[in-house]
Number of protein chains: 2
Amino acid sequence: MAVTIKDVAKKAGVNASTVSRVIKDSSQISDRTKTIVRKAMAELGYTRNAAAQILASGKTNTIGVVFPPVDNKSSQPFFMKILTAINETARESNVSIAIATGHTQKELKKQVQLMYSERRVDGFIVLYAGKTDSVREYLFGNNIPYVLVGTPSEHQNEITHVDNDNKLLGHEAVRHLAQLGHKNIAFVTDTKEGEVFAERFQGFNEEMMSRGLTSSLLKFGQNFSIGKATALIVIDDVLSLRVLERLKAQNLSVPDDISLITFNNSIFGTIMHPFLTTFDINVTRLGAASVGKFLDLLNSTSHYHEKTVIPFELILRESTKAK
Amino acid sequence: MAVTIKDVAKKAGVNASTVSRVIKDSSQISDRTKTIVRKAMAELGYTRNAAAQILASGKTNTIGVVFPPVDNKSSQPFFMKILTAINETARESNVSIAIATGHTQKELKKQVQLMYSERRVDGFIVLYAGKTDSVREYLFGNNIPYVLVGTPSEHQNEITHVDNDNKLLGHEAVRHLAQLGHKNIAFVTDTKEGEVFAERFQGFNEEMMSRGLTSSLLKFGQNFSIGKATALIVIDDVLSLRVLERLKAQNLSVPDDISLITFNNSIFGTIMHPFLTTFDINVTRLGAASVGKFLDLLNSTSHYHEKTVIPFELILRESTKAK
DNA sequence: CTGAAAGCGCTTACAG
DNA sequence: CTGAAAGCGCTTACAG
């Protein structure tokens with residue numbers, strides 16, 4: 001029914017193997033033959049059968065994308081954005097994407113295992129980092145090719161990963177505020193878990209110290225108070241929205257009374273005024289790089305695991321102001 | 001290298017075709033044989049090769065999920081949520097998911113065409129409705145099985161689709177407000193495009209009329225003013241956040257001065273106070289039903305296209321109050 | 001209830 | 001530069 005390589009071969013007056021070679025643009029085929037075969041393909045409307053190609057070649061040319069096993073997490077715009085970027089970059093290299101989602105770590109692991117053992121994917125891109133979970137243990141333990149988006153807590157030297165420089169991000173946040181004349185700067189977070197917090201906070205600390213300023217850490221919760229801070233560095237823009245609300249309730253105006261800078265540049269930063277001054281972490285490039293690195297991993301004989309650092313960019317908006 | 005059906009057959013002392021039948025739990029195989037074969041599979045750690053199975057059977061058992069061709073749209077939590085639901089439901093029926101994303105309609109169409117012609121998918125679930133675009137024209141014109149999430153503007157009777165009853169949603173919003181004693185109720189939107197607006201607004205109108213109330217439509221923009229309204233029905237919760245901010249700027253308090261009810265129950269409804277009273281549209285069931293309907297479509301010989309209506313639920317929170 | 005055989009549509013050494 | 005052949009790992013009529 002559907003047109004196959006044989007139909008093309010017959011029409012072009014060549015062997016099927018020649019058609020196959022033309023498809024992959026093999027250098028051993030003469031230009032004359034290529035032209036003839038391509039014409040035949042076009043006339044018949046040939047498209048290759050993916051399953052046949054995968055079975056015969058032994059390569060799936062598809063990457064499994066693993067989402068974090070927590071519902072609320074994946075509702076963040078970040079995930080949809082990076083999925084789009086990954087999909088687009090992959091397509092440019094003619095590779096497909098399969099996705100793995102699950103409510104629990106166990107479900108997720110089952111799915112990842114199945115995908116790999118059914119030979120649906122060549123490996124994975126994992127969209128969460130931090131502490132090793134059973135999914136990543138499985139990948140790591142079985143030497144399955146994968147790259148992490150984010151920074152792992154352990155084995156950093158043995159895992160290919162792609163991330164921003166979160167420590168530098170902490171430094172830069174302080175720098176921006178200090179340039180505006182702020183000295184009493186506090187770091188605000190709702191969680192002390194994870195590498196992202198650890199690194200951004202460390203960078204903050206280092207920069208404060210190097211400027212002879214005393215740093216303070218504010219945990220956002222019930223009785224949140226900014227003390228004598230004149231500027232806040234908030235761990236991400238969703239929390240910033242809550243902080244903003246609390247400040248308003250305390251009759252503190254941003255940026256007039258207090259400056260606020262944050263990270264990620266998600267859609268949450270421009271929903272309400274003041275629009276947030278924030279660091280864009282370049283999700284599109286994170287996604288593109290993760291695909292690139294994965295493909296490198298697959299093709300390289302050497303098992304060299306490196307970290308790729310994606311640059312960020314300060315987006316100046318309305319929430320910071322000179323003191 | 002990997003263990004195949006042949007290895008299992010040898011170990012179990014049967015023919016490969018028998019193993020194949022055991023895998024699909026064919027009723028023609030004796031229980032005794034099934035037990036023996038399953039034991040052999042377990043001992044060898046057999047998993048079937050997806051590509052071989054697809055090639056031999058001619059069925060891909062995978063569904064292509066098509067995202068809307070607009071960036072900002074897909075950043076809404078809705079899409080990640082429904083993708084997760086679709087993936088989970090599909091997995092329960094042993095079907096896989098492939099995704100199609102693109103910045104433009106043209107890109108998207110190219111991708112959809114390729115997926116289908118390479119025989120990677122049996123058909124599609126399209127995550128946007130409204131007016132027909134070139135992607136859906138292609139699907140419709142070529143008789144490719146697909147289901148729509150949402151309500152199409154045309155051919156409603158010839159397209160299988162899954163949606164909430166948006167008109168009823170409009171009715172119910174008025175009902176809730178009327179029960180609280182409100183009479184001056186306005187509908188607020190930032191766009192008049194699309195079936196969602198059309199239907200919710202129509203339901204609003206009908207219900208207002210049947211109660212002898214005069215309905216009014218407010219377009220949200222520069223000089224937004226609520227007039228003499230005491231209650232607002234806002235098209236979705238993202239816009240609600242902006243409306244809330246504008247009201248605050250006008251020294252109007254929600255819900256004390258004015259009530260606000262909205263739709264979708266996304267994460268945006270509980271970021272800031274007042275938490276929004278909203279209708280949950282049950283995204284998880286939308287996703288699950290779209291998979292179910294798609295599978296029905298594939299297996300049915302009759303080409304009967306129906307609409308599936310997913311129930312919604314009122315989530316009472318802080319933004320509405322008795323007058 | 002089970003086996004033997006052909007076939008799905010490609011790829012890839014091997015020859016020439 | 002091209003062809004003939006074997007093989008990838010399944011499924012599925014066909015027989016018995």
Side-chain angles (χ1 to χ4, degrees), chain A residues 1-38 40-41 44-62 94 96 114-122, chain B residues 1-38 40-41 44-62 94 96 114-122:
Chain A
M1 192 170 103
V3 15
T4 72
I5 219 174
K6 275 187 193 170
D7 303 321
V8 177
K10 190 187 286 178
K11 175 144 194 152
V14 298
N15 188 275
S17 54
T18 301
V19 177
S20 175
R21 291 187 185 105
V22 173
I23 291 171
K24 45 168 41 175
D25 202 13
S26 162
S27 61
Q28 355 171 12
I29 301 289
S30 73
D31 286 342
R32 205 178 98 77
T33 304
K34 280 186 184 172
T35 310
I36 296 172
V37 172
R38 286 194 180 122
M41 293 200 294
L44 295 173
Y46 171 79
T47 329
R48 84 180 178 309
N49 181 308
Q53 200 244 149
I54 290 170
L55 179 59
S57 72
K59 300 171 159 216
T60 73
N61 273 321
T62 113
N94 281 312
S96 297
L114 193 66
M115 280 169 82
Y116 193 72
S117 61
E118 286 190 336
R119 270 132 293 176
R120 285 184 188 277
V121 298
D122 294 324
Chain B
M1 194 170 97
V3 13
T4 74
I5 220 176
K6 276 189 192 170
D7 303 320
V8 176
K10 189 186 286 179
K11 174 142 193 155
V14 298
N15 188 276
S17 54
T18 301
V19 177
S20 176
R21 292 188 184 105
V22 172
I23 290 172
K24 46 167 42 173
D25 202 13
S26 162
S27 60
Q28 4 172 2
I29 300 289
S30 72
D31 286 343
R32 206 178 96 78
T33 306
K34 280 186 183 171
T35 311
I36 296 172
V37 172
R38 285 194 181 123
M41 292 200 297
L44 294 173
Y46 171 79
T47 328
R48 84 181 180 310
N49 181 308
Q53 201 245 147
I54 291 169
L55 179 59
S57 72
K59 299 171 160 216
T60 72
N61 273 321
T62 112
N94 281 312
S96 297
L114 192 66
M115 280 170 83
Y116 194 72
S117 62
E118 287 190 336
R119 271 132 292 176
R120 285 183 189 277
V121 297
D122 294 324

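Order of the sequence lines sets the chain letters (A, B, ...), proteins ahead of strands, with each chain counted from 1.
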Checklist entry - With a non-hydrogen cut-off below 4.0 angstrom, is B:Arg48 in contact with a base, only sugar-phosphate, or nothing? => result sugar-phosphate

Item to check | Nearest-Å distance for atom pair CD1/C1', residues A:Ile5 and C:dC8 | outcome: 13 Å

Checklist entry - Quick one: which of D:dC10, D:dT12, C:dC10 gets closest to the side chain of B:Tyr46? => result D:dC10

Checklist entry - Between D:dA4 atom P and A:Lys10 atom NZ, what is the distance in whole Å? => result 14 Å

Checklist entry - Can you find a donor-acceptor N/O pair under 3.5 angstrom joining the side chain of A:Ser17 to the base of D:dA5? => result no

Next on the checklist: Is the phosphate of D:dT11 approached by B:Ser20 (side-chain N or O, under 4.0 Å from OP1 or OP2)?
Outcome noted: yes

Checklist entry - Taking CG from B:Asp31 and P from C:dC1, how many angstroms apart are they, rounded to a whole number? => result 8 Å

Checklist entry - Below 4.0 angstrom from OP1 or OP2 of C:dA4, is there any side-chain N or O of B:Asn15? => result yes

Item to check | Nearest-0.5 Å distance, OG1 of residue A:Thr33 to CG of residue A:Asn15 | outcome: 12.0 Å

Checklist entry - Does any N or O donor sit under 3.5 Å from an N or O acceptor when you compare the side chain of A:Arg119 with the base of D:dG9? => result no

Next on the checklist: Does C:dT2 have its OP1 or OP2 closer than 4.0 Å to a side-chain nitrogen or oxygen of B:Ser30?
Outcome noted: yes

Checklist entry - Could you give the distance from CE (A:Met41) to NZ (A:Lys11), rounded to the nearest 0.5 Å? => result 13.0 Å

Item to check | Rounded distance in Å - CD1 (B:Ile54) to C1' (D:dT12) | outcome: 17 Å

Item to check | Shortest side-chain distance from A:Leu55, nucleotide among C:dT2, D:dC8, D:dT12 | outcome: D:dC8

Next on the checklist: With a cut-off of less than 4.0 Å, is there a side-chain N or O of B:Lys24 near OP1 or OP2 of D:dT12?
Outcome noted: yes

Item to check | Within 6.0 angstrom of A:Lys10 NZ, more than 12 heavy atoms from elsewhere | outcome: no

Checklist entry - In Watson-Crick or G-U wobble terms, both distances under 3.5 Å, what is the partner of C:dA13? => result none

Checklist entry - Taking atom CD1 of B:Ile36 and atom CG of B:Asp31, what is their separation to the nearest 0.5 Å? => result 11.0 Å

Checklist entry - Taking atom P of D:dC10 as reference, at what distance in whole Å does atom CZ of A:Arg120 sit? => result 13 Å

Checklist entry - Starting at CG of B:Asn61 and ending at P of D:dC10, how long is that distance when rounded to a whole Å? => result 15 Å

Checklist outcome for this item: To the nearest angstrom, the CG-C1' distance between A:Asp25 and C:dT11 comes to 16 Å

Checklist outcome for this item: Atom NZ of A:Lys6 and atom C1' of C:dC10 are separated, to the nearest Å, by 10 Å

Checklist entry - So what does A:Gln53 touch, heavy atoms closer than 4.0 Å: a base, only the sugar-phosphate, or nothing? => result sugar-phosphate

Checklist entry - Any Lys/Arg nitrogen of B:Asp25 or B:Arg38 sitting under 4.0 Å from an Asp/Glu carboxylate oxygen of the other? => result yes

Next on the checklist: Between B:Ala51 and B:Arg21, which residue's closest nucleotide on DNA chain D lies nearer the 5′ terminus?
Outcome noted: B:Ala51

Checklist entry - Under 4.0 Å between a side-chain N/O of B:Thr18 and OP1 or OP2 of C:dT2, yes or no? => result no

Item to check | First of B:Val14 and B:Ala56 reached from the 5' end of DNA chain C, by closest nucleotide | outcome: B:Val14

Item to check | CZ-CD1 distance between B:Arg48 and B:Ile54, expressed to the nearest 0.5 angstrom | outcome: 8.5 Å

